[in-house]
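Start at 1 with the first residue, then count along the sequence. Everything quoted here is computed from the prediction, not taken from an experiment.
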Amino acid sequence: RYEEMRADGGDGDSANESILVVGSGTSRLGEQILSNSYVGPVLQVDISSLSIKLLRDRYKRYLEGSRVRRMELITDDCRQLSSLEPESVGGGAIDKGLIDVL
């Protein structure tokens, strides 16, 4: 859970830099990050277009009607990340699968 990760070392200083969530699946991790006062954006990437579609339906409030981009959902292979520029991720990356294992 994001709350445990933050307690272990997240200082919140980079609250306006984007965080990349690798292999997000249909996890609520991106929402947990945003609900803990993180400004964002949170870039959630998964190879499954179905997972990203489900997230788009779930998170319409973060994706539509806001002048500030808080969440971006991307279908891509995390081994290549062809849809992102390296400088678009300034706040770090979280490997969702690794968190699940821990």
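Taken from CD in Gln44 to CD1 in Ile19, the straight-line distance is 10.5 Å, to the nearest 0.5 Å. Between Ser24 atom OG and Met71 atom CE the span is 9.0 Å, to the nearest 0.5 Å.
The side chain to side chain donor-acceptor pair (under 3.5 Å) search around Thr75 returns none, not counting sequence neighbours. Residues meeting the side chain to side chain contact (heavy atoms under 4.5 Å, CB included) test with Ile47, sequence neighbours left out: Asp77. Remark: Glu72 engages Arg69 in a salt bridge (charged side-chain N to carboxylate O under 4.0 Å, His left out) (not counting sequence neighbours). With sequence neighbours excluded, no residue forms a side chain to side chain donor-acceptor pair (under 3.5 Å) with Ser27. Judged as a salt bridge (charged side-chain N to carboxylate O under 4.0 Å, His left out), and not counting sequence neighbours, Arg58 has no contacts.
The same ILVMFWY cluster, assembled from side-chain heavy atoms under 4.5 Å apart, contains both Leu55 and Leu63. Leu73 and Leu54 are not part of a single hydrophobic cluster, where members link through side-chain heavy atoms under 4.5 Å apart.
Counting heavy atoms from C-beta outward, Arg70 and Tyr59 have side chains that stay 4.5 Å or more apart. Between Leu29 and Val42 there is no side-chain heavy-atom pair separated by less than 4.5 Å.
Using a distance-only test at 3.5 Å, with no hydrogens or angles considered, a donor-acceptor pair links the side chain of Ser35 to the main chain of Gln32.
Shortest non-hydrogen contact noted between Asp76 and Ser83 is OD2-OG, 2.8 Å.
A side chain to side chain contact (heavy atoms under 4.5 Å, CB included) with Leu20 holds for exactly one of Val45, Ile94, Ile74; it is Val45.
Pairs passing the salt bridge (Lys or Arg N to Asp or Glu O under 4.0 Å) check and including a residue from residues 36-54, sequence neighbours excluded, read Lys53-Asp57.
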